[in-house]
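Note that ligands are numbered from 1 as they come in the structure, with each ligand's atoms numbered from 1 the same way. We're numbering straight along the sequence, starting at 1.
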Amino acid sequence: MIKLWQPGVGNGSRMEKEAAVMKQAEWKEAVIYQVYPPSFKDGNGDGLGDLQGILSKLDYLAKLGVGIIWLGPVYQSPFADNGYDISDYKAIHTPYGTMEDLEKLIRELHKRNMKLMMDLVVNHTSDEHPWFVQARQSKGNPYRNYYIWKPPGPDGKEPNNWGSFTGESAWELDERTGEYYLRLFDRKQPDLNWEHAPLREEIYEIIRFWLSKGIDGFRLDAINMISKHPDFPDAPENARHPRGQDYFKNGPRIHEFLQEMYEKAFSLKPGLITVGETPTITMEQALQYTDPARKELSMALLMDMSAIGKDRMDPWRAVPWDTPALKKCISAWYEGVFQTGWYAVYLSNHDHPRLIPEWFGEGEERETAAKLIATLLHTIPGTPIVYQGEELGLTNARYPSIEDYRDYGTISYYRKQIQAGVPAEEALERVHQRSRDGARAPMRWEKGKLGGFTTGIPWIPMNDKDTEIDAESEMERPDSVFHYYRRLIELRKQEPVMVYGDFKLMMPEHEQLMVYTRTYGKNTWLVMLNFNRQQTSFRTELAEHSHCELKLLFGNRTGWREQASNQLGVADQESVPPQVRLADGCLQGSLKAYEAAVYRLV
Ligand code: GLC
């Protein structure tokens with residue numbers, strides 16, 4: 001852990017004391033890396049990523065410097081949702097390998113000082129899970145109550161108007177018993193009934209099973225959906241997508257369930273890392289989930305950043321990047337959660353298109369934009385999560401045909417559009433902009449058409465636009481996106497200001513720039529980011545620091561001098577961009593297209 005009281009840093013000022021009061025934790029200081037198993041590395045040539053593949057890349061991850069690996073679901077699964085549909089919680093998906101492989105992964109990660117965080121999907125199972133196979137047999141089956149069943153509504157149709165994330169009704173009719181079951185995701189992912197105590201006990205037992213294997217944490221899938229409104233009321237017709245979410249997210253018993261899960265399972269391993277996937281929560285709710293005194297989760301995911309660029313009413317419609325909205329959510333979480341609770345931040349994952357090129361520069365601008373994103377991710381409050389390939393600046397795949405897409409949500413959306421008479425080209429354009437498959441194209445490890453991902457036929461096509469990008473080449477080139485990430489990750493281990501520093505935003509309304517300070521003791525960083533494709537000028541007051549000088553630490557256009565010692569020095573003076581000045585209590589100047597620059601105020 002970072003040593004908070006460094007000699008020579010600060011004199012015990014009020015601010016410093018406040019920072020010191022904040023509880024330190026390894027998972028606040030670490031960087032999390034998301035491995036999406038099907039697309040990371042194939043070890044046996046069948047075209048699908050697997051555990052042997054992951055094992056072969058642990059030195060790469062260690063070199064990058066990340067501390068926690070979030071491993072997407074690797075449990076036995078019919079794979080309707082790439083493993084988020086589990087049919088056996090205690091077995092490894094056969095094409096991924098064996099339990100011995102997983103145990104080896106835990107050992108090998110620990111040898112390299114990394115931790116393993118597994119995905120825990122307990123809002124729903126696969127419809128092929130033995131519990132559901134039993135449950136659907138008859139209304140009186142002992143497993144019936146493990147799931148949520150309702151008779152048809154008075155009109156003989158669905159029990160209410162809730163929608164699923166796929167855009168269809170959230171209810172699926174089961175012919176045999178004439179009742180509907182709830183499924184907030186795919187029809188092959190029936191929701192579990194958390195009201196039923198025996199089901200909860202089974203889940204806690206599964207968690208204990210995994211703890212006994214030596215894992216270090218869980219990322220809890222859709223966890224704020226496990227408690228539903230007991231009356232299942234209809235939602236207003238014009239409610240946000242998916243309809244009914246006010247009744248199935250953050251339900252009345254959610255905290256009771258989490259506290260019980262903590263008591264009966266999580267607490268058995270002190271220091272366990274638990275990250276909740278908790279979409280659409282208020283700051284009060286985020287605090288409730290993560291205030292350590294409440295004994296629920298270690299952190300919530302700040303999911304609002306990945307909603308930027310997406311229409312709130314129609315997830316299939318891309319809208320322009322919105323820098324003020326980005327600033328607003330970063331500030332809100334800092335103000336509302338940072339001191340007492342905690343959260344993890346990310347800009348890319350397996351559920352969203354990659355930011356490049358959908359919102360940021362392609363071609364010559366790609367690397368600069370990728371480093372801009374990296375700077376943002378590592379210098380805002382919260383534990384950063386890097387999604388595989390982001391550290392190389394991989395781009396979003398836009399496959400030429402719908403046949404290349406694999407995600408059920410994408411395919412059903414496309415079909416519906418065609419049925420509604422939308423021209424195929426237009427429907428495909430929507431898919432290009434919004435499908436989550438865009439971020440699921442396989443990793444590129446080395447040069448070549450298949451990028452060293454597999455020797456077989458990849459389960460989803462490679463992104464042909466990225467043939468010039470690969471890990472091996474980037475590791476060789478000191479100014480690559482990979483090394484930019486590596487240095488930021490290294491820096492986080494040395495600079496408490498990146499983890500525990502106070503955050504202060506300037507020019508909140510500025511349309512293109514994001515400028516803020518992080519302060520820890522006497523150490524203040526000034527971060528300047530330009531999300532614009534054009535050079536952008538600015539002028540703002542910085543009275544509080546008017547006596548200070550700007551020392552450039554690093555930036556995406558200025559290079560980064562390697563430091564021999566562990567201390568962060570300053571970038572070469574010649575590379576200091578001359579455009580930024582601090583004088584007479586005013587910060588002014590201009591930033592180049594997609595420029596990121598981080599200064600120390602001395
Ligand atoms: C989460 C996962 C997503 C999955 C869904 C259902 O949102 O990130 O990939 O489809 O839950 O499990």
Task: Heavy-atom nearest option to atom 7 (O) of ligand 1, drawn from R440, M303, E277, H352 - done: E277
Task: For the student: nearest non-hydrogen atoms of A30 and G67, plus distance - done: CB-CA, 4.4 Å
Task: Protein contact to atom 5 (C) of ligand 1 [nearest heavy atom, distance to 0.1 Å] - done: F185 CE2, 3.6 Å
- [ ] Only counting residues at least two apart or in another chain, list the ones meeting ring pair (Phe, Tyr, Trp, His ring centres under 6.0 Å) with Y414.
- [x] none
- [ ] May I ask you to check whether W210 and Y89 place their ring centers less than 6.0 Å from one another?
- [x] no
- [ ] Give yes if a backbone or side-chain nitrogen or oxygen of Y408 is under 3.5 Å from a nitrogen or oxygen of ligand 1, and no if not.
- [x] no
Task: Ring center gap for W131 and Y147 short of 6.0 angstrom - done: no
Open item on the list: Between E168 and R183, does any side-chain N to carboxylate O distance fall below 4.0 Å?
Closed with: yes
Open item on the list: Take a 6.0 Å sphere around CZ of R253 and say whether it holds more than 12 heavy atoms from other residues, nucleotides or ligands.
Closed with: yes
Task: Nearest-contact summary for atom 11 (O) of ligand 1 - protein heavy atom, Å - done: D221 OD1, 2.9 Å
TODO: Run the contact test for R219 against ligand 1 with a 4.0 Å cut-off on heavy atoms, strictly below, and give the result.
DONE: yes
- [ ] Under 4.0 Å from a heavy atom of H124: give me the atoms of ligand 1 that qualify, with their elements.
- [x] 6 (C), 12 (O)
- [ ] For atom 9 (O) of ligand 1, find the nearest protein heavy atom and state the residue, atom name and distance (0.1 Å precision).
- [x] D351 OD1, 2.7 Å
Open item on the list: What protein heavy atom lies closest to atom 10 (O) of ligand 1? Include the residue and the distance to one decimal.
Closed with: D81 OD2, 2.5 Å
- [ ] Apply side-chain hydrogen bond (donor to acceptor under 3.5 Å, both in side chains) to E158 and list each qualifying residue two or more places apart in sequence or on a separate chain.
- [x] none
- [ ] Could you list which atoms of ligand 1 come closer than 4.0 Å to a heavy atom of H350?
- [x] 2 (C), 3 (C), 8 (O), 9 (O)
TODO: Number the atoms of ligand 1 from 1 as they appear, then name those within less than 4.0 Å of a heavy atom of R436, with their elements.
DONE: 3 (C), 4 (C), 9 (O), 10 (O)
